[in-house]
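For reference, the structure is listed below as structure tokens.
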Amino acid sequence: MDSKYVHVFTGSMIEANRLVSELSQININSIVKDEAKSAILAGFGVPNFLYTHKVFVKNKDLEKSKKIIKNSSFIQNISKKEDQTHLLS
């Protein structure tokens, strides 16, 4: 059984929590890494709160997660920047 987690989304806390909620509705467990909290605890500042939360899912759930992300209307409204990966293809 492969329990390795892969990064599937980067966004704000609200966006990440919404995605986690949608994933949990179809029984996909996920992990959210709060980069802002990590930086603050380490004594660093956070320059941009829009891209501070990363969502990870298990490798076995990657394809189902991609479908949810692709079909989520709230994620479609996120503006993309060249230097920031919001959605992983």
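Just the heavy atoms: all of them, side chains too, but no hydrogens, waters or symmetry mates, feed the values below.
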S65: which of V57, L19, I26 passes side-chain contact (heavy atoms from CB on, under 4.5 Å): V57
Partners meeting side chain to side chain donor-acceptor pair (under 3.5 Å) with N17 (sequence neighbours left out): none
Euclidean distance, E63 CD relative to I68 CD1, rounded to 0.5 Å: 12.5 Å
Partner residues of K64 under the side-chain contact (heavy atoms from CB on, under 4.5 Å) criterion, sequence neighbours left out: I28, D61
Minimal non-hydrogen separation, Y5 against N29, with atom names: CE2-O, 4.5 Å
Trace of the side chain to side chain contact (heavy atoms under 4.5 Å, CB included) decision for S12 with T52: CA-CA 6 Å; S12 71; T52 57; 5.9 Å; no
Working for side chain to side chain contact (heavy atoms under 4.5 Å, CB included), residues F56 and K33: CA-CA 8 Å; F56 296 83; K33 182 177 179 185; 3.9 Å; yes
Any residue meeting salt bridge (charged side-chain N to carboxylate O under 4.0 Å, His left out) with K67, in chain and number order, not counting sequence neighbours: none
V55 vs I31, side chain to side chain contact (heavy atoms under 4.5 Å, CB included): CA-CA, chis, key distance, verdict: CA-CA 6 Å; V55 178; I31 295 175; over 6 Å; no
Euclidean distance, K54 NZ relative to D34 CG, rounded to 0.5 Å: 11.5 Å
From L23 atom CG to R18 atom CZ, the distance as rounded to the nearest 0.5 Å: 11.5 Å
Closest non-hydrogen atom pair, H53 against A16: CB-CB, 3.8 Å
